[in-house]
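Scope of the values below: all heavy atoms of this structure, side chains included, with no hydrogens, waters or symmetry mates. In the text below, chain A, chain B and the rest are named by the order of the sequence lines, each starting its count at 1.
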Protein chains: 4
Amino acid sequence: MSSKANKRKKQILNATFQAVADKGYHAVTLQDISDYANLSKGVTNYYFENKNEVFYQLLEWTVERIHRNERQAINNETTAINKLKAYVYTAISEPEQNRKFYKVYLDFLAHAGHNAEYRKVNDKFYENCWEMGREIVTLGVKEKVFSVADIDKAAITIRALIDGCLIQWLMRDDDRLHSYYRDICFDAIKSYLTNTKNNK
Amino acid sequence: MSSKANKRKKQILNATFQAVADKGYHAVTLQDISDYANLSKGVTNYYFENKNEVFYQLLEWTVERIHRNERQAINNETTAINKLKAYVYTAISEPEQNRKFYKVYLDFLAHAGHNAEYRKVNDKFYENCWEMGREIVTLGVKEKVFSVADIDKAAITIRALIDGCLIQWLMRDDDRLHSYYRDICFDAIKSYLTNTKNNK
Amino acid sequence: MSSKANKRKKQILNATFQAVADKGYHAVTLQDISDYANLSKGVTNYYFENKNEVFYQLLEWTVERIHRNERQAINNETTAINKLKAYVYTAISEPEQNRKFYKVYLDFLAHAGHNAEYRKVNDKFYENCWEMGREIVTLGVKEKVFSVADIDKAAITIRALIDGCLIQWLMRDDDRLHSYYRDICFDAIKSYLTNTKNNK
Amino acid sequence: MSSKANKRKKQILNATFQAVADKGYHAVTLQDISDYANLSKGVTNYYFENKNEVFYQLLEWTVERIHRNERQAINNETTAINKLKAYVYTAISEPEQNRKFYKVYLDFLAHAGHNAEYRKVNDKFYENCWEMGREIVTLGVKEKVFSVADIDKAAITIRALIDGCLIQWLMRDDDRLHSYYRDICFDAIKSYLTNTKNNK
DNA sequence: TATGAATGAGGATTCATTCAT
DNA sequence: TATGAATGAATCCTCATTCAT
């Protein structure tokens, strides 16, 4: 594929992302996408098979972006606690961007509930999330700051808490609660991982 | 309103629920609803102002049902731990029903991300969830089985974990993981609530 | 037909008349009619074959009422001029009622443009109007106050002016112009009928 | 707007005009319009906001056409009588076209009775009609062929007679009466304008 | 005689997709 | 490569009509 085509595709995906963040997955029309991209109505069908293909690639692109950011943040730290904090603080980073991203991701999750293809993309994202979680927990156990019996379960719990907190924050629609939820999330994970009674 | 009308409304809401669980919020047409209800195309508009009104009432009805079940389960128990277990085991109770309910609820959450009216309904649901959480945590603290510094935060965390686990389970689309996630959820909450280091 | 049935039919026609005056011929639903009549939705179809039958009978009833009033007014006077004045002053009598009646009549005329049955009803009305016109003109000629070569044409002209004035007044939507138009109408007819140059 | 778009709009308005003339304002569907235009169902909504917008613009277009023709006819003559005759003979010109135009116009008038926006358009048309009437009458008075006390009233009367005659002719549904009504109209106006008793 | 629940045909509108340019 | 005119399928909603009670 030419780099021009690649550039156009990116432009369209970006426009779609903004449109979905504003109007919601199902409210976005091809006209909306071309409006947001400042392109003509026909381009989207020129560069993508059909509308669904745009959304599918947007989902891939979105979860890749989320994962890339989180992975980078973790890699920048050395201790388990710092990696964990970096992870949570990247997942729950800044109200405006977070709101956009999570709105779009939530739209996709809902859609994935009825679409196996979308679920597959999300599963890959989960794998990545769990991997990051396992890394952090394994390191923490080695550092003796975490006390965890089942590392897989811990990884699942970490992502569940991040998503659970983000959704709850998103629904409450109050930017001032953003750091409140971020800290709740981090404290809860830490508390959960450091409870020595877990080694029963 | 006559009880006949009420019965019909229930019938339509039930049909809508099944249709949304099968096809997804935005894919459901009025024709679908009447098909699922075994009634004619016109009924829905006869009993409801418009399609959105059906969905809105379905959301209210859905979160009410969820809350009613959970509340009942909690009330049936006396100790904090048992109440917590009853809460989690009711929220994450049985694969088939759970899948349906949570698919529908997730569709609504996604839609609520772009609709303030829907958010308001969900906020009421959250209030109820937090109230149950606070009750359980408060009792646990009194019983000296929980060690919690901020009861509000604990209540938020409990619901975040339940929702986070349910979404993750739903996305993995494997009924055999149901009890696995249920236990992860319960254990994580318990671990988080019983960590004495929380009282820093 | 029982008198009860007759009473109900009148009640329904009256309700339809009010509804049409308010909302316009094509905007009126059977529900509107029953609402205006304070009756249940089913009655109209019980007493009338179908919706069109109601409108058809309303048209008959309306033009009969208009004609009856005008005929009575004419009969109450003895001289041609007074009869003419009574005719015009009854056709253009009082803003509020006039507006209602003429709105409804105009709706029917428009519909009659595409419906031969309705046109037939209106033709009967025209016959009555022309008959009144001829009577007045014939008397005026006998009284030597009118100078008319063709009595049929005069009768046609009289009705054309009344309708033309009423429509123009109706469209201008200003009750204060009512007597203005009434006088224009009367003066124009009188002027036309008294021009001796007509006997060429 | 491109001239292509303008052409299409005209095409749609023309199709709508024919459809309304045939079936009547309220019976015309968007499907009818596209059928008459030999275009697909979607075009109308592509070029017009909605169905009402088509009708609104059709009304504007119709009264403009009527006025343009009448104005032109008047301008082509020099004496008051000839201008008057040209005016009447253009307003009541040729059965088939006249029938179509007046059916459509009558449909609009009826609708205008319940719609202020439409009334406004018609008011502008009236202004134009009165202006033409005043011009002719003023000239006739100067020429000493007309004897009129109130020029505004005369202008109102002229239009009332034209509309009154056209409606009556239209309702009688007999093309052979067309010239009969045209002459009645012209004679009546002339007779009214030349009656010296008007200068009372 | 009267009701109003239920039906389903009809129509406005939206929008993904196609395709000539 | 890009445009946007044109299409027509899909869907919400209205409402005349039917009919069981």
Side-chain angles (χ1 to χ4, degrees), chain A residues 2 4-5 7-8 12 26-35 37-55, chain B residues 2 4-5 7-9 11-12 26-34 37-54, chain C residues 2 4-5 7-8 12 26-35 37-55, chain D residues 2 4-5 7-9 11-12 26-34 37-54:
Chain A
S2 79
K4 175 76 171 290
K7 195 194 122 202
R8 275 276 181 271
I12 290 165
H26 287 94
V28 168
T29 67
L30 287 177
Q31 184 67 67
D32 287 328
I33 294 174
S34 50
D35 286 349
N38 266 319
L39 290 167
S40 75
K41 190 164 180 274
V43 269
T44 306
N45 279 286
Y46 188 77
Y47 286 103
F48 293 86
E49 185 92 28
N50 52 36
K51 196 189 175 190
N52 185 61
E53 188 60 25
V54 186
F55 284 131
Chain B
S2 78
K4 176 74 172 293
K7 194 193 122 203
R8 273 277 180 273
K9 282 193 161 202
Q11 186 181 1
I12 291 165
H26 287 94
V28 168
T29 68
L30 286 175
Q31 184 68 67
D32 287 329
I33 294 174
S34 51
N38 265 319
L39 289 166
S40 74
K41 196 165 171 281
V43 264
T44 306
N45 281 289
Y46 185 76
Y47 286 101
F48 294 85
E49 189 89 28
N50 51 39
K51 195 190 175 190
N52 183 62
E53 188 60 26
V54 186
Chain C
S2 79
K4 174 74 168 293
K7 196 194 122 202
R8 275 275 180 272
I12 290 165
H26 287 95
V28 168
T29 67
L30 287 177
Q31 184 67 66
D32 287 328
I33 294 174
S34 49
D35 286 350
N38 266 318
L39 289 167
S40 74
K41 188 162 181 276
V43 270
T44 306
N45 279 287
Y46 187 79
Y47 286 103
F48 293 86
E49 185 93 26
N50 52 37
K51 195 190 177 190
N52 184 61
E53 188 61 26
V54 186
F55 284 131
Chain D
S2 77
K4 176 76 172 292
K7 195 194 120 201
R8 273 277 181 270
K9 281 194 163 204
Q11 187 181 2
I12 291 165
H26 287 95
V28 168
T29 67
L30 288 175
Q31 183 68 68
D32 287 328
I33 293 174
S34 50
N38 265 319
L39 288 166
S40 74
K41 198 166 171 281
V43 263
T44 307
N45 281 289
Y46 186 76
Y47 286 102
F48 294 86
E49 188 90 28
N50 52 38
K51 195 187 175 192
N52 184 62
E53 189 60 26
V54 186

For D:L39 and A:R8, find the nucleotide of DNA chain F closest to each by heavy atoms; which residue's nucleotide sits nearer the 5' end? A:R8
Nearest to side-chain heavy atoms of D:S40, which nucleotide of E:dG4, F:dG8, F:dG4: F:dG8
Evaluate the side-chain proximity of B:I12 to B:K9: yes if any heavy-atom separation is below 4.5 Å, no if none is. no
Find the distance A:D35:CG to F:dG4:P and express it as a whole number of Å. 11 Å
Rounded distance (nearest 0.5 Å) linking atom CZ of B:R8 with atom CD of B:Q11: 4.5 Å
With rounding to the nearest 0.5 angstrom, report the NZ to CG distance, A:K41 to A:D32. 11.0 Å
Contact letters for nucleotides 12-19 of chain E, in which S counts primed atoms plus P, OP1 and OP2 and B counts the base, heavy atoms under 4.0 Å: BBBSBBB-
Looking only at side-chain atoms of D:K4, point me to the closest of E:dG4, F:dA5, F:dT1. F:dA5
Distance from B:L39 atom CG to B:T44 atom OG1, nearest 0.5 Å? 8.0 Å
Take atom CZ of B:F48 and atom P of F:dC12, then tell me their distance rounded to the nearest Å. 15 Å
For DNA chain F, which ranges pair as stems of 3 or more consecutive Watson-Crick or G-U pairs, with both donor-acceptor distances under 3.5 Å? E:2-21 with F:2-21
Could you state the CD1-P distance from B:I12 to E:dA5, rounded to the nearest angstrom? 12 Å
Protein-nucleotide distance (D:Q11, atom CD; F:dA5, atom P), rounded to Å: 14 Å
Please report the shortest heavy-atom distance between B:L30 and B:K51, naming the atom on each side. CD2-CG, 3.8 Å
Any idea which heavy atoms bring C:S40 and C:S34 closest together, and the distance? O-CB, 3.3 Å
